[in-house]
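Because the structure is a prediction, the values reported are computed rather than measured.
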Amino acid sequence: MFYNENMKGKVKAVLQKYTKLVDPIIKKLLAQGVNKRTRELLHYQINTGGKRLRPALAILSCLACGGTIKDVLYPAAGLEILHTYTLIIDDIIDNSPKRRGKATCWKKFGRSFAECIGIDYGATILQVIAESKNPKEVSRIYAQTLKIIMDGEMEDVLLEQAGREEEPFAKEHRITRISLPLYKRMIGAKTASLFRASCEVGAIATNAPPQKVAALKAYGWHLGIAFQITDDLLDIYGANTGKPRGQDIREHKLGNILILFALDGLPPKNKLALSKILRMNSPGNADIKKAIALIKTTTAKEKAARLSLYHTNKAKGALAELPPSHHRFLIEQLVELLG
C-alpha cells in the first residue's frame, strides 16, 4: 500500500522530471536542418506522449554510478529518438492505426511520409552521437542495439500466423510453433535490448568500471523482459491502454506469452480453435472475444505473472553491484512500477 500510494507517485514524478529535460533536446535535434513543415511532421510522434523510460534509465544509471545529468543528457535523448524511430517503423510494419490512443504516424500522414520521417529520425541519431561525450562508445551501442531490435522485429513478423501474402519471405519462412526460449529471444531482441542499452549508455557516461556496467546491463535486460511480459498481459486483460484489447490476436501474433502458455495448456479441441482464429485473415470482434475466453480458461495469466516476477527479482538482484544510494533506490523502485 505504501508503494502504491507514495512511492509510485515519486517514481512517476522522476520520470516526468526527466521528460522535461530531454524533450527540448529531442525537438531541437529533430528540427535541425529541416524546414518548418517537415519539423511539424517530425515532432508529431514525440508529442503523442510516452513515459521516456529509456532516457530515465540512462540518467538514473549515470547518477547511480556517480555521474551528472550533464554527462548523459544528449545520449539519453538519443535513446528516445532511437526508440521512437523503431515505433514508427513497427507501426508501418504492423499496419497499426493507433498508438497511445492517437493516430500513428503512417495513419495520420500516409506511409510515404512516415517512411521519410523514419529516415529523419535515423539521421538525428547520428547528430546525437556527435554531441555525446564519448561518441565512439555511444555509436557502438546505438548501432548494435538497432540491429538487434530489427532482428527481433523480423522474428516477430515471422511469428504471425496469417497475412503478408504479398511478402514472399514471410510466406516462405513463417514460424508456426512458439516455445519459451524462442519467445524470450524475440522479446529480448525487440524490447529488452534497448532497456539494456539505456542502462549501458548511462554507465559508460561516467566511465564506470566493468562490473558496474555489467550489473546495469543485466538489470536493464531483465527489466525489459518483465516489461514486455506485462505488456502482453495488458494486451489480453488490460483496459484503457490506448489500443483495442486483443490486438496481438487481431494481428495474428504467436509471440505473446499468454498465447504461448494458453496453447500449451488447452485441450486439443480448444487449442485448434485458438490456432484457427490466429490464422484468420480478418478476425472479427466475436473471434477476438472467443480467443480471449479460451485463454482465460487456462493458467496462462498466472504463469505469465510468475515469469514476470522472476525477471523483476533478477533485475533487482543485479543492482547489488552498485553502492546504496538515492538513485539506486529509484532504479529499484522502477522495477516495481514496470514489472
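- Residues meeting the side chain to side chain donor-acceptor pair (under 3.5 Å) test with Asp90, sequence neighbours left out: Arg99, Lys190.
- The shortest side-chain heavy-atom distance between Met186 and Thr191 does not fall under the 4.5 Å cut-off.
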Pairs under 3.5 angstrom only: tabulate donor-acceptor contacts from the side chains of residues 21-35 to other protein residues two or more places apart or in another chain.
{"from": "Asp23", "atom 1": "OD1", "to": "Arg52", "atom 2": "NE", "distance (Å)": "2.8"}
{"from": "Asp23", "atom 1": "OD1", "to": "Arg52", "atom 2": "NH2", "distance (Å)": "3.3"}
{"from": "Asp23", "atom 1": "OD2", "to": "Arg52", "atom 2": "NH2", "distance (Å)": "3.3"}
{"from": "Lys27", "atom 1": "NZ", "to": "Asn47", "atom 2": "OD1", "distance (Å)": "2.8"}
{"from": "Lys28", "atom 1": "NZ", "to": "Tyr74", "atom 2": "OH", "distance (Å)": "2.6"}
{"from": "Gln32", "atom 1": "OE1", "to": "Gln127", "atom 2": "NE2", "distance (Å)": "3.1"}
{"from": "Asn35", "atom 1": "OD1", "to": "Arg37", "atom 2": "N", "distance (Å)": "3.1"}
{"from": "Asn35", "atom 1": "OD1", "to": "Thr38", "atom 2": "N", "distance (Å)": "2.8"}
{"from": "Asn35", "atom 1": "OD1", "to": "Thr38", "atom 2": "OG1", "distance (Å)": "3.0"}

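- For the residue pair Lys316/His311, the side-chain donor-acceptor check at 3.5 Å is not satisfied.
- Partners of Glu166 according to the salt bridge (charged side-chain N to carboxylate O under 4.0 Å, His left out) rule, which considers only residues two or more places apart in sequence or in another chain, do not exist here.
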Could you walk me through whether Asp231 and Gln228 pass the side chain to side chain contact (heavy atoms under 4.5 Å, CB included) test, one step at a time? CA-CA 5 Å; Asp231 195 61; Gln228 185 57 55; 3.6 Å; yes
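- Remark: Arg177 is not positioned above the aromatic ring of Tyr183, lacking an NZ or CZ atom under 6.0 angstrom from the ring centre and at most 45 degrees off the axis.
- Among pairs with a residue in residues 61-70, those fulfilling side-chain hydrogen bond (donor to acceptor under 3.5 Å, both in side chains) read Thr68-Asp71, at least two apart in sequence or across chains.
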Sequence neighbours left out, cut at 3.5 Å: what donor-acceptor pairs do the side chains of residues 269-286 make with other protein atoms?
{"from": "Ser275", "atom 1": "OG", "to": "Lys271", "atom 2": "O", "distance (Å)": "3.0"}
{"from": "Asn285", "atom 1": "OD1", "to": "Arg250", "atom 2": "NH2", "distance (Å)": "3.3"}

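- Annotation: Phe195 is not in aromatic contact with Tyr219 [ring centroid separation under 6.0 Å not met].
- In this structure, Pro75 and Val128 approach most closely via the heavy-atom pair CA-CG1, 4.0 Å.
- Listed by chain and residue number, Arg185 satisfy the salt bridge (charged side-chain N to carboxylate O under 4.0 Å, His left out) test with Glu155 (two or more places apart in sequence, or in another chain).
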